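A short worksheet on the structure shown next.
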Amino acid sequence: MNTFADYILEEEDLASKMEIAYYLSKKSKIFFDKSVVFKTEITRLFLNYSKIEVDKNFVLTACLLCNCKKVDNAQDINKIHAYAKEGANYLRGMGFGKKFCKVCQEINRYSDSNPRERESDILELVEQFGGMLLDRPERIGFKPDEALVLLEHRNLKAQYNRYLNTFIEFINFLEKIQINDFVNMTALRRLVKIHNETEELTKFIQKVVYEFEPKIDKRIEEQNEEITQKMFSKIESSNRPLFSEETTRKIMAHIQEESKMGVNRAE
């Protein structure tokens, strides 16, 4: 008999996978809100950009469920330290394998799990960076460039994350992508705006999957084509003559004149 883990892992359509996680949250009271969908979309984009050799379906499923025992109360330090481990234990009971549960437990560093899985480093980056972009009761969300600085020089200052530099490159690339609806806005800021303006979780999922994703994927494709064209343009330029035809004629005439003078002197 298939377990819940088999059911959600076998579903490769991300929208359907989100719907499954949503209904699980309603039934089992696990943590699943707009921030989870928001971070999962950033994860999807990062995997597409980086081409890291991991199971994309595995990582996106882990991103949807790794915070299942997270609490909103930021004042409860014990809960903050324990929720990832509690979540891993819960997921184990749902039929998920040892590696999947280990990856989810390593969403933060409180469990001191070593060596860390590659997938865990991906989730850690998105969890911390994505969380900083969103408003919280005690502060407003940071701008992407501010969040990158805090991620590198505060949050992970004393930690090694194998994909940190790749993630920084990815965010810088994403910040160059403009999505034009009514006004031009960078892709990340558009995603934050949709998050902040959409109250219902199910509507947010629909807007992300059916409105935001097609636009951002198309713009990234266009951006990549522009970069490719510029690269080929540089290659073609490097094969062009160093001098114009007029300059070449002048130089050759000068060389011929110098040669004649040299012959006359020799005579």
Side-chain angles (χ1 to χ4, degrees), residues 1-44 46-47 52-131 134 136 155 159 161-163 200-202 204-205 208-209:
M1 182 178 179
N2 286 352
T3 64
F4 171 79
D6 297 322
Y7 178 51
I8 194 169
L9 284 169
E10 287 172 3
E11 177 55 72
E12 295 191 0
D13 178 72
L14 185 55
S16 298
K17 198 183 290 287
M18 289 177 178
E19 185 179 4
I20 294 169
Y22 168 74
Y23 283 112
L24 175 67
S25 72
K26 289 295 183 183
K27 180 180 178 180
S28 303
K29 304 299 181 183
I30 65 169
F31 182 87
F32 186 79
D33 69 356
K34 291 189 299 177
S35 70
V36 176
V37 176
F38 177 86
K39 293 169 187 174
T40 302
E41 175 59 16
I42 294 176
T43 304
R44 185 190 74 86
F46 179 53
L47 292 175
I52 297 171
E53 293 184 1
V54 293
D55 184 335
K56 182 178 177 181
N57 180 56
F58 178 102
V59 175
L60 292 176
T61 306
C63 194
L64 289 171
L65 297 173
C66 63
N67 283 315
C68 62
K69 290 299 178 180
K70 189 174 182 179
V71 292
D72 280 324
N73 185 3
Q75 305 303 316
D76 192 336
I77 301 300
N78 292 330
K79 278 289 185 182
I80 291 174
H81 287 192
Y83 84 84
K85 187 174 182 179
E86 290 176 1
N89 291 336
Y90 172 81
L91 294 170
R92 192 172 293 110
M94 299 289 286
F96 288 96
K98 182 178 179 180
K99 180 178 177 179
F100 187 93
C101 296
K102 183 175 183 289
V103 167
C104 291
Q105 183 172 329
E106 291 174 348
I107 187 71
N108 56 41
R109 304 275 174 150
Y110 294 121
S111 65
D112 293 323
S113 176
N114 277 299
R116 288 173 56 82
E117 302 291 339
R118 291 181 299 167
E119 295 85 352
S120 306
D121 278 3
I122 296 170
L123 295 185
E124 177 184 55
L125 290 167
V126 177
E127 172 70 15
Q128 297 203 29
F129 176 80
L134 301 178
R136 293 172 61 174
N155 295 25
Q159 307 291 349
N161 185 301
R162 71 196 82 189
Y163 300 124
E200 291 184 29
L201 174 55
T202 52
F204 179 61
I205 292 174
V208 169
V209 174

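Keep in mind that the numbers below use all heavy atoms, side chains included, and drop hydrogens, waters and symmetry copies. From a predicted model like this one, the values you see are computed outputs, not experimental measurements.
Between atom OG1 of residue Thr40 and atom CZ of residue Phe32 there is a gap of 7.0 Å, rounded to the nearest 0.5 Å. Rounding to the nearest 0.5 angstrom, the gap separating the CG atom in Asn2 from the CD1 atom in Ile8 is 13.5 Å. The distance from the CG atom of Leu14 to the CG atom of Leu64 is 6.5 Å, given to the nearest 0.5 Å. Atom SG of Cys66 and atom CZ of Phe100 lie 8.0 Å apart (nearest 0.5 Å). Considering CD of Glu119 and CD1 of Ile122, their distance stands at 6.5 Å, rounded to 0.5 Å. Taking CD of Gln128 as the start and CD of Gln159 as the end, the distance is 9.0 Å to the nearest 0.5 Å.
Ring geometry for Tyr163 versus Phe46: interplanar angle over 60°, hence perpendicular rather than tilted (30 to 60°).
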Check against side chain to side chain contact (heavy atoms under 4.5 Å, CB included), Ile20 and Phe4: CA-CA 10 Å; Ile20 294 169; Phe4 171 79; 3.6 Å; yes

Tyr22 vs Thr202, side chain to side chain contact (heavy atoms under 4.5 Å, CB included): CA-CA, chis, key distance, verdict: CA-CA 8 Å; Tyr22 168 74; Thr202 52; 3.6 Å; yes

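Across every non-hydrogen atom of Val209 and Ala15, the tightest pair is CG1-CB, 3.6 Å. Across Thr3 and Met94, no two heavy atoms sit closer than the pair CB-O, 3.7 Å. Closest approach of Lys102 and Glu106 over heavy atoms only: NZ-OE2, 2.6 Å. Closest approach of Ile30 to Leu65, counting heavy atoms only: CD1-CD2, 4.3 Å. Between Arg116 and Arg162, the shortest heavy-atom contact is O-NH2, 2.8 Å. In terms of heavy atoms, Tyr90 sits closest to Ser28 at OH-CB, 3.3 Å.
Remark: of the listed residues Glu12, Lys17, Glu11, Lys17 is the sole one forming a side-chain hydrogen bond (donor to acceptor under 3.5 Å, both in side chains) with Thr61. Checked against Tyr110 for a side chain to side chain contact (heavy atoms under 4.5 Å, CB included), the options Asp112, Ile107, Asn108 give a single hit: Asn108. Each of Ile52, Val54, Leu60 was scored for a side chain to side chain contact (heavy atoms under 4.5 Å, CB included) with Lys56, with one residue passing: Leu60.
Considering only heavy atoms from C-beta on, Asn155 stays 4.5 Å or farther from Glu124 through its side chain. A heavy-atom distance below 4.5 Å is not found between the side chains of Phe38 and Val208. At least one side-chain heavy atom of Asp6 sits less than 4.5 Å from a side-chain heavy atom of Glu10.
A donor-acceptor pair under 3.5 Å is formed between the side chain of Asp13 and the backbone N or O of Ser16.
Judged by distance alone, the side chains of Lys69 and Asn89 never bring a donor and an acceptor atom under 3.5 Å apart.
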